[in-house]
Amino acid sequence: MSEFNNENENRESVNFIQKIINEDLAKGTYGDRVQTRFPPEPNGYLHVGHAKSICLNYGLAKKNKGIFNLRFDDTNPTKEDDSFVESIIKDVKWLCPEWEERIFYASNYFGKMYDYAVELIKKELAFIDDLSADEIREYRGTLTEPGKESPYRNRSVEENLNLFVKMKNGEFENGEKVLRAKIDMASPNINMRDPVIYRILRESHHNTGDEWCIYPMYDYAHPIEDAIEGITHSVCTLEFEDHRPFYDWVLSNIDDFKDAPTKQIEFAKLFLSKTMMGKRYLKQMVEEGYVDGWDDPRMPTIAGLRRRGYTPEAIQNFCEAIGVSKAQSVVDIAMLEFAIRDDLGPKAPRTMAVLEPIKLIITNYPEDEVEYLESENNPDNPDMGSRMIPFTRELYIEREDFMEIPPKKYFRLFPGNEVRLRNAYFVKCVDFIKDAEGNVVEVHCTYDPETKSGSGFTGRKVKGTLHWVSAKHCVDAEVRLYDYMMEDQDYDKTNFLEKLNPKSKVILKNCKVEPLMKEHKIGDRFQFLRHGYFMIDQDTREEHLVFNRIVSLKSSFKK
RNA sequence: UAUCGUGUAGUCGAAUGGUACAGACAACAGACUUUGACUCUGUGUGUUGCGAGUUCAAAUCUUGCCACGAUAACCA
């Protein structure tokens with residue numbers, strides 16, 4: 001008995017999709033196979049909402065010793081482009097470094113899809129319709145009223161077959177004819193009112209070129225794609241719920257797929273607070289120049305998050321943390337920020353960088369002396385070692401770390417107060433100098449040699465510790481601070497562009513960083529003490545380091 | 001207005017019909033601190049949207065209502 005005591009400890013909550021899989025595994029619905037897929041249309045960049053789907057599907061496959069396919073749902077050549085194919089592959093590989101790179105294209109199944117359409121025609125389950133798009137819409141009825149049948153609905157199998165071949169051979173104009181499934185024009189589910197399954201589109205396809213002039217519709221193509229690849233659990237978002245009956249209809253009416261080899265399961269897509277997620281609107285922000293492209297660090301795209309400095313692990317952890325359900329919900333952006341802080345905490349070296357410098361002069365420190373002081377790279381992770389930092393008479397400290405008249409509970413530098421310079425000495429403010437406009441330009445201090453870092457001095461304590469760099473040795477840098485582009489995701493989409501935060505990107509050009517930072521590479525991440533986590537950006541020049549702020553630290557000091 | 005789906009703490013989310021909330025984020029408080037971060041420790045009484053029914057027992061099953069979402073492309 002007692003040996004089972006540990007069973008309930010460490011219990012992991014299992015999401016509702018995994019429960020379905022468990023049931024299928026137990027019943028042997030698909031044998032012992034689990035196969036999932038992520039099926040984007042290559043018509044834009046992936047965003048963090050897609051990351052949720054990728055992590056979900058990939059994770060499900062992995063957890064169940066199954067297979068995960070990336071499949072391009074490229075059935076509409078008018079919207080698709082090879083550049084999007086490339087960006088999507090890059091993003092998925094980046095997010096899932098251990099993935100076997102199983103990449104598929106719906107367009108490679110066009111031949112089979114055509115044959116299955118012929119099969120449906122022969123079974124009198126599909127017909128060629130001559131109605132125009134407008135007429136089809138009219139005949140379809142409305143949400144509350146049933147539709148009526150097309151006058152072409154009862155053509156003979158012979159005639160339908162004939163016309164379908166002609167459609168394929170390019171004997172008709174775009175829009176002149178379509179192939180429709182023959183189901184029920186009175187169905188309360190509009191997707192079942194004789195949905196169009198093939199249309200004529202004279203457009204060059206990114207993969208098949210000009211081989212086809214007819215293209216299958218998503219609703220018809222998708223179940224076939226899944227079935228061909230052997231997908232067992234076709235996981236998609238909630239808006240396809242109404243399409244499931246047709247998904248099942250297609251499979252059950254094609255002989256090859258009669259035994260229902262796959263099923264569709266829907267989950268709620270991700271919404272993030274303060275974040276615009278609609279592809280259409282992201283596109284607008286890119287095209288109208290509100291951001292600097294799809295990988296602008298303010299964008300919620302995977303490319304943007306990568307450029308900002310997010311790690312794949314952080315995004316994976318985030319996707320794990322938010323869970324999966326069918327309840328439409330808005331996740332707090334703070335969860336995403338936690339994920340990257342949490343991931344970088346033990347990984348990112350701590351360095352000293354002064355974003356808005358003000359000079360600090362130690363009046364009792366020798367003019368030309370340079371002292372090298374040891375600093376741990378990451379106090380939480382001793383394995384990361386330490387480095388030597390030059391200390392001199394003239395330093396830069398943060399402008400906000402000195403106040404002429406301090407507010408209550410301010411324990412940084414002000415006249416008469418003593419603080420620690422990190423890794424160095426206690427210094428006491430004895431004077432300060434203002435320019436003609438009254439801005440403080442220099443702070444004068446004295447230091448106490450007894451208080452050297454690591455000396456074990458315990459004579460007195462200070463409440464504040466400041467970061468600093470040696471004025472003579474430091475390196476100039478540009479730092480870019482990013483903020484949310486919107487206050488809330490719940491805004492009026494018609495004029496959201498006018499409400500975008502104009503200060504979502506702030507560039508600080510006069511920053512000073514530790515000299516050793518020069519030796520680091522693009523993509524390296526750091527914690528600049530008290531400022532948060534940063535990454536060296538891709539357009540860094542030799543003379544001039546450029547940093548993106550990935551995420552700030554939580555600060556409880558209110559001015 | 002039709003159909004389908006969804007309503008559990010500030011936010012995500014757990015909970016074989018059996019003591020309502022495991023876990024995470026956020027917030028607040030305290031401890032610690034060579035940065036006020038990190039770390040650690042605390043802090044949640046709420047008619048599980050509302051009402052009825054079934055049951056010894058309902059967040060869970062049934063049903064009515066309410067709210068929200070999706071759907072009337074030859075888009076996906």
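Keep in mind it's a predicted model, so treat the numbers as computed, not measured. Throughout, protein chains are lettered first and strands after them, A, B, ... in sequence-line order, and every chain is numbered starting at 1.
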Is there a side-chain contact between [X] and [Y] (heavy atoms, below 4.5 Å)?
{"X": "A:Y220", "Y": "A:L179", "result": "no"}
{"X": "A:I183", "Y": "A:F246", "result": "yes"}
{"X": "A:V469", "Y": "A:V513", "result": "no"}

Closest to the [X] side chain, choosing from [options]:
{"X": "A:K554", "options": "B:A37, B:A15, B:U34", "value": "B:A37"}
{"X": "A:N76", "options": "B:A26, B:C75, B:U3", "value": "B:C75"}
{"X": "A:R422", "options": "B:A72, B:C4, B:U35", "value": "B:U35"}
{"X": "A:D73", "options": "B:A76, B:U34, B:C74", "value": "B:A76"}
{"X": "A:F411", "options": "B:G36, B:U34, B:C12", "value": "B:G36"}
{"X": "A:S13", "options": "B:A2, B:C74, B:A14", "value": "B:A14"}
{"X": "A:L553", "options": "B:A37, B:A73, B:U35", "value": "B:A37"}
{"X": "A:R530", "options": "B:A76, B:G36, B:C74", "value": "B:G36"}
{"X": "A:M335", "options": "B:U11, B:A72, B:U35", "value": "B:U11"}
{"X": "A:A327", "options": "B:U35, B:A76, B:G7", "value": "B:G7"}

Base-pairing assignment for [N] (Watson-Crick or G-U wobble, both under 3.5 Å):
{"N": "B:A67", "result": "B:U6"}
{"N": "B:U43", "result": "B:A27"}
{"N": "B:U62", "result": "B:A52"}
{"N": "B:A37", "result": "none"}
{"N": "B:A57", "result": "none"}
{"N": "B:A20", "result": "none"}
{"N": "B:A14", "result": "none"}

Q. Between A:N377 and A:R350, does any side-chain donor sit less than 3.5 Å from a side-chain acceptor?
A. no
Determine the contact category for [X]: base if any of its heavy atoms lies under 4.0 Å from a base atom, sugar-phosphate if only primed atoms, P, OP1 or OP2 are that close, otherwise nothing.
{"X": "A:F338", "value": "sugar-phosphate"}
{"X": "A:I322", "value": "sugar-phosphate"}
{"X": "A:G147", "value": "nothing"}
{"X": "A:Y215", "value": "nothing"}
{"X": "A:L413", "value": "nothing"}
{"X": "A:V331", "value": "sugar-phosphate"}
{"X": "A:G175", "value": "base"}
{"X": "A:K177", "value": "nothing"}
{"X": "A:A133", "value": "base"}
{"X": "A:D242", "value": "base"}
{"X": "A:R140", "value": "sugar-phosphate"}
{"X": "A:V324", "value": "sugar-phosphate"}
{"X": "A:I136", "value": "base"}
{"X": "A:H243", "value": "base"}

Mind calculating the distance between [atom1] ([X]) and [atom2] ([N]) to the nearest angstrom?
{"X": "A:D219", "N": "B:C74", "atom1": "CG", "atom2": "C1'", "answer": "12 Å"}
{"X": "A:E320", "N": "B:C12", "atom1": "CD", "atom2": "C1'", "answer": "13 Å"}
{"X": "A:N378", "N": "B:A37", "atom1": "CG", "atom2": "P", "answer": "17 Å"}
{"X": "A:I397", "N": "B:U34", "atom1": "CD1", "atom2": "P", "answer": "19 Å"}
{"X": "A:N191", "N": "B:C74", "atom1": "CG", "atom2": "P", "answer": "11 Å"}
{"X": "A:R412", "N": "B:U34", "atom1": "CZ", "atom2": "C1'", "answer": "15 Å"}
{"X": "A:M277", "N": "B:G69", "atom1": "CE", "atom2": "P", "answer": "18 Å"}

Roughly how many Å apart are [M] and [N], using the [atom1] atom of each and rounding to a whole number?
{"N": "B:A57", "M": "B:U19", "atom1": "C1'", "value": "12 Å"}
{"N": "B:G30", "M": "B:C66", "atom1": "C1'", "value": "44 Å"}
{"N": "B:U47", "M": "B:C4", "atom1": "C1'", "value": "29 Å"}
{"N": "B:G10", "M": "B:C38", "atom1": "P", "value": "24 Å"}
{"N": "B:A2", "M": "B:U8", "atom1": "C1'", "value": "30 Å"}
{"N": "B:U62", "M": "B:U6", "atom1": "P", "value": "11 Å"}
{"N": "B:G13", "M": "B:G53", "atom1": "C1'", "value": "30 Å"}
{"N": "B:A20", "M": "B:U1", "atom1": "C1'", "value": "38 Å"}

Q. In terms of the nearest nucleotide of RNA chain B, which residue is placed more toward the 5' end: A:L336 or A:T142?
A. A:L336
Q. When the nearest nucleotide of RNA chain B is assigned to A:E80 and to A:K463 on a heavy-atom basis, which residue is associated with the more 5' position?
A. A:K463
Parallel, tilted or perpendicular: which fits the ring planes of [X] and [Y], with parallel below 30° and perpendicular above 60°?
{"X": "A:F526", "Y": "A:F528", "value": "parallel"}
{"X": "A:F457", "Y": "A:F426", "value": "perpendicular"}
{"X": "A:W294", "Y": "A:Y45", "value": "parallel"}

Side-chain N or O of [X] closer than 4.0 Å to phosphate OP1/OP2 of [N]:
{"X": "A:S132", "N": "B:C74", "answer": "no"}
{"X": "A:S325", "N": "B:G13", "answer": "yes"}
{"X": "A:S329", "N": "B:G13", "answer": "yes"}
{"X": "A:K326", "N": "B:C12", "answer": "no"}
{"X": "A:R199", "N": "B:C75", "answer": "yes"}
{"X": "A:R137", "N": "B:A73", "answer": "yes"}

Q. Run the ring pair (Phe, Tyr, Trp, His ring centres under 6.0 Å) check on A:Y310 and A:F318 step by step: do they pass?
A. CA-CA 11 Å; A:Y310 271 77; A:F318 167 73; 8.7 Å; no
Q) Looking only at atom types and distance, does a side-chain atom of A:R37 sit under 3.5 Å from a main-chain N or O of A:N57, one as donor and one as acceptor? A) no
Q. Taking the six-membered ring for Trp, are the ring centroids of A:Y218 and A:H222 within less than 6.0 Å of each other?
A. yes
